[in-house]
Amino acid sequence: MPELRWYREQSSLTDDFLLGGRPMSEFIPSFNHREIEPKWQKRWYDSQLFSGEDFGHKPKYYTLVEYPYPSGSGMHVGHFRAYMSLEVISRKRRMEGYNVLFPIGFDAFGLPTENYAIKNKIHPREITDKNIAEFMKELKAAGFSFDFSRIVDTTDPEYYKFTQWIFLKLYEHGLVYKSKTYVNFCPDCNVVLSNEESQGGVCDRCGSSVVQKEKDVWFLKITAYAEKLLEGLNDLESSQRIRVEQENWIGKSEGAYIFFPLKDTKDKIKVYTTRPDTIYGATFMVLAPEHELIKKHIKEIKNVQEIKNYQIEAKHKSEFERIQLQKDKTGVRVEGLQAINPLTGKTIPIFIADYVMITYGTGAIMAVPGHDDRDYEFAKKYGLDIVEVIAGGDLSEGAYTNTESGILVNSGIINGLDVARAKAKITNYLEENDLGEKAVQFKMKDWAFNRQRYWGEPIPLVYCRDCGIVPVPYEDLPVKLPMVKEFMPTETGESPLANIPEFVNCTCPKCNKPAKRETDTMPQWAGSSWYFLRYLDPHNPSAIAAKDKMEYWGKVDWYNGGMEHVTRHLIYSRFWNQFLYDIGEVLHREPYSKRTAQGLILGADGEKMSKSRGNVIDPMEIIESDGADTLRTYILFIGDYEMPTPWNENGVRGCRRFLDKIWRMFPKVSAITTISSKLESLVNKTIKGVGDDYENLKFNTAIAKMMTLANEFSQLDTISKQDYEILLKLLSPVASHLTEELWHMLGNESFLVEEKWPSYDPEKLMEDTIEIVININGKVRDKLVVPVDLPDSELLSRAKAQEKIKEWIGDKPIKKTIVVKNKLVNIVI
RNA sequence: GCCCGAGUGGCGGAAUAGGUAGACGCGUUGGACUUAAAAUCCAAUGUCAGCAAUGACGUGCCGGUUCAAUUCCGGCCUCGGGUACCA
């Protein structure tokens with residue numbers, strides 16, 4: 001083989017330099033990942049290198065990534081991207097002397113497993129175990145530095161025992177209640193569907209039309225925590241978009257309740273508004289079709305049949321239709337009932353319309369057509385009065401909704417004020433005269449917490465004919481899922497568990513008489529709402545985690561995951577943690593210190609990866625063909641970590657080339673450890689740049705900087721061992737196997753994660769000389785190399801002395817000169 | 001509709017306390033090595049004009065501030081994400 005000969009001839013090393021390795025004559029120009037990677041994985045995992053040490057004396061650092069759902073299709077490149085950021089940070093932190101906890105587990109309850117089980121007549125337990133085993137294999141083949149001794153599996157009774165325990169605590173504290181609501185139901189499949197499964201009003205499975213069906217639903221009163229969840233965001237370091245999405249989800253608004261007397265009755269219509277300042281412009285009122293006052297005053301209503309028809313119509317409109325028909329507002333005037341505007345004293349008509357939601361505010365509004373788009377549209381359609389109360393718009397064109405500028409008019413006591421002042425004054429007035437009060441509303445709704453599914457945590461409640469709803473005693477947990485063969489969906493839309501008598505029938509914990517279990521299970525969000533706590537003490541049989549371990553590990557220092565989980569999962573888990581804090585079960589109100597989110601990896605066609613598009617990349621194929629390190633490097637080099645980026649096969653090859661280049665320069669490493677002065681500044685800059693970039697999720701530029709350094713190295717005849725080792729350390733969090741191999745080939749015996757992270761000398765970041773740009777009128781005309789920190793005056797005179805610059809200036813007078821130290825000279829003529 | 005984010009070469013993307021636009025990688029072209037190919041190495045590569053030195057233009061569009069704008073300001077357009085008749 002000619003390559004071997006070439007390497008032997010080129011190498012400045014003798015065979016005995018390779019201390020622990022093989023003789024130079026066996027060196028090949030491309031590393032063998034199939035040999036190297038499993039070798040180091042085995043040595044790392046066998047020596048428990050990545051285990052977080054409870055009560056360790058080093059400072060702790062807790063890195064958390066969103067644990068996967070172990071699907072049958074194995075790992076996705078998206079998983080790799082999601083984990084690689086904190087993989088790099090975790091390895092770096094270990095080198096910086098931290099006791100790192102970087103755990104992983106499985107969010108294994110869920111519909112795909114259940115559906116697969118039904119279709120193939122295999123128990124979900126069996127499927128889940130198989131999938132978890134496959135995921136474990138793949139995670140290890142990728143060389144992730146997870147602490148595999150702390151695996152949690154949400155479907156393990158020893159885990160969901162505590163999921164049920166937390167549910168009972170919520171129940172005990174009045175945060176669980178039952179209510180009726182409408183759910184998406186597929187009449188063909190006889191199954192209740194989530195919003196995700198019924199998008200566009202069509203069943204995800206069979207394509208038939210989804211109908212709304214009334215159901216009993218268990219709710220968790222997350223709205224009781226709305227304010228705290230909003231406030232808690234101040235203690236969560238995150239990007240703007242992550243914060244704003246949560247704020248919008250919670251949806252706090254401030255305004256007032258106002259009472260409008262119902263004419264000729266003792267009743268009042270309570271409305272919520274964010275614009276009490278526009279009350280003088282309220283020319284009619286709108287109630288949600290379901291509003292209770294309609295029922296109460298049905299006798300006075302003259303057009304009862306019309307009203308009832310509209311109510312029925314509204315009820316049968318699906319979510320989908322309501323959105324589709326959004327533009328076309330409908331409603332019915334309630335004949336026989338009228339309201340009085342408490343400020344103008346005028347009598348105004350009342351309507352019911354489905355653009356007012358019974359679930360938000362008070363289910364009734366004062367309509368101000370002059371200054372609300374929806375009210376404007378409605379008023380136009382039904383020919384209602386439009387009164388201008390804020391000057392600045394053109395009411396023949398549309399509602400004027402600007403609150404920044406505009407002065408109150410036609411508004412009695414608040415005339416002449418701006419919106420902000422008018423709001424304050426009118427709210428005061430309303431309160432003083434018992435006409436209304438300050439109020440806050442949230443868009444967030446209570447969390448519907450039950451599913452009609454088999455493969456989920458049973459809800460630990462019992463129905464007793466005598467005692468009513470009785471919680472299962474804590475000591476009887478877990479309520480285990482029965483290991484039965486058949487768990488087909490029922491025809492009635494009830495949970496499959498309802499068909500299993502040995503599960504349903506039980507005795508009442510209070511009176512010991514025969515009773516029946518709740519047959520619904522919890523949603524998939526349940527298990528993931530507290531898993532970060534279980535990692536701290538994953539095998540504790542008697543508590544979520546021991547207090548002293550919670551105290552030692554504290555909050556999650558850095559949590560990375562998908563943008564799609566920023567609203568629901570993040571808010572749900574923060575809710576549970578805050579609740580557990582309030583009842584003294586955890587030590588921090590907020591569970592996470594910092595949250596980041598990776599961007600999506602798209603297919604090579606720029607579209608979202610999906611089986612139907614056929615653009616899915618199997619990470620395991622790349623690990624096989626080019627190695628885990630190549631995949632790890634490319635996943636980070638692919639683009640801005642926080643942005644969506646398309647996959648590119650050639651990019652993978654480029655990363656492999658980069659790693660091979662580092663491998664191939666090994667024979668040029670000189671045993672002499674003197675620092676190469678020529679590269680001193682570049683090496684220092686690279687240490688600083690790579691470290692900073694890792695911390696800021698700029699992995700693409702970090703790798704670019706290491707490529708630049710490697711390119712410089714490859715120009716040299718010999719590379720100082722010290723310089724080369726610095727590069728290996730910087731690269732080790734990314735290409736962990738290759739760098740480990742080379743590190744040992746240099747004769748080192750430690751693992752790289754046990755080594756110290758390189759430090760740089762701030763004095764040596766600057767070169768001795770620097771290239772200055774000379775501008776004429778702001779355009780680059782010449783360049784000049786000068787010593788660093790040359791005084792401005794000297795710089796200017798040297799610039800003017802340049803031949804080209806003299807030509808450009810000619811005999812024109814110089815109007816102005818600008819000198820920026822170590823950067824440029826600009827001469828204005 | 002509203003709220004975020006983003007628009008830069010053939011492609012992924014660099015560079016914003018305003019100061020050399022296009023780092024790094026991919027691709028392409030030419031060359032070296034080879035019987036040949038792969039691999040590797042060297043060189044070129046924003047567009048236009050020119051043999052060249054060089055010049056003009058160029059960061060979604062229009063305008064502004066400045067000696068100097070991808071970066072700041074005003075007004076748009078397009079794409080991606082979130083949310084949705086939330087009063």
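Order of the sequence lines fixes the chain letters, A, B, ..., with proteins taken first and strands second; residue numbering starts at 1 for each chain.
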Starting at [atom1] of [X] and ending at [atom2] of [N], how long is that distance when rounded to a whole Å?
X	N	atom1	atom2	value
A:H565	B:G81	NE2	P	16 Å
A:K661	B:C41	NZ	P	6 Å
A:I662	B:G25	CD1	C1'	14 Å
A:R653	B:A39	CZ	P	8 Å
A:L824	B:U66	CG	C1'	14 Å
A:Q246	B:C4	CD	C1'	14 Å
A:M706	B:A14	CE	C1'	15 Å
A:Q240	B:A6	CD	P	10 Å

Touch class at under 4.0 angstrom, heavy-atom based, for A:E807 against every strand present: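 The answer is nothing, as A:E807 stays clear of every strand by at least 4.0 Å.
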
What nucleotide among [options] has an atom nearest to a side-chain atom of [X]?
X	options	value
A:E771	B:A87, B:C24, B:U20	B:U20
A:V828	B:A14, B:G25, B:C67	B:C67
A:V244	B:G55, B:C4, B:C67	B:C4
A:R664	B:G55, B:C41, B:A15	B:C41
A:R657	B:A87, B:U40, B:G19	B:U40
A:P646	B:A87, B:G12, B:A14	B:G12
A:E245	B:G82, B:A23, B:C67	B:G82
A:T708	B:C85, B:C26, B:C24	B:C24
A:R241	B:G13, B:U83, B:C4	B:C4
A:V356	B:C85, B:G13, B:A87	B:A87

Work out how far the [atom1] atom of [N] is from that of [M], and round it to whole angstrom.
N	M	atom1	result
B:G50	B:G13	P	35 Å
B:C57	B:C3	C1'	38 Å
B:C61	B:U70	P	11 Å
B:C2	B:A56	C1'	45 Å
B:C26	B:A14	C1'	14 Å
B:C62	B:U54	C1'	32 Å
B:G10	B:G46	C1'	10 Å
B:G30	B:G22	C1'	23 Å

Phosphate-side-chain proximity, [X] and [N], N/O vs OP1/OP2 below 4.0 Å:
X	N	value
A:T645	B:G13	yes
A:K783	B:U20	no
A:N650	B:C11	no
A:Y272	B:A87	no
A:K779	B:C57	yes
A:K804	B:U54	yes
A:N711	B:G25	yes

Lys NZ or Arg CZ of [X] over [Y] ring: under 6.0 Å, within 45°:
X	Y	answer
A:K329	A:Y355	yes
A:R656	A:Y634	no
A:K270	A:Y257	yes

Is RNA chain B part of any stem, that is, at least 3 consecutive Watson-Crick or G-U pairs with both distances under 3.5 Å, and where? B:1-7 with B:77-83, B:10-12 with B:24-26, B:27-32 with B:40-45, B:46-49 with B:54-57, B:60-64 with B:72-76

I'd like to know if A:N826 reaches the base of B:C67 with its side chain such that a donor and an acceptor end up less than 3.5 angstrom apart. yes

Can you find an N or O donor on one side and an acceptor on the other, under 3.5 Å apart, linking the side chain of A:K329 with the base of B:C85?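 Per atom types, the contact qualifies.
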
I want to verify the glycosidic state of B:G64; is it syn or anti under the 90° rule? anti

Any chance the side chains of [X] and [Y] put a donor and an acceptor closer than 3.5 Å?
X	Y	value
A:Q802	A:R781	no
A:Q598	A:N560	yes
A:K608	A:N615	no

Ion pair A:K806/A:E803, N-O distance below 4.0 Å: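 Yes.
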
Please state whether the rings of A:Y382 and A:F351 are parallel, tilted or perpendicular, taking 30° and 60° as the class boundaries. tilted

Could you give all pairs that pass the side chain to side chain donor-acceptor pair (under 3.5 Å) test and reach residues 356-367 of chain A, with sequence neighbours left out? A:S253-A:Y360

Looking at side-chain heavy atoms only, is the closest gap between A:N700 and A:L636 below 4.5 Å? no

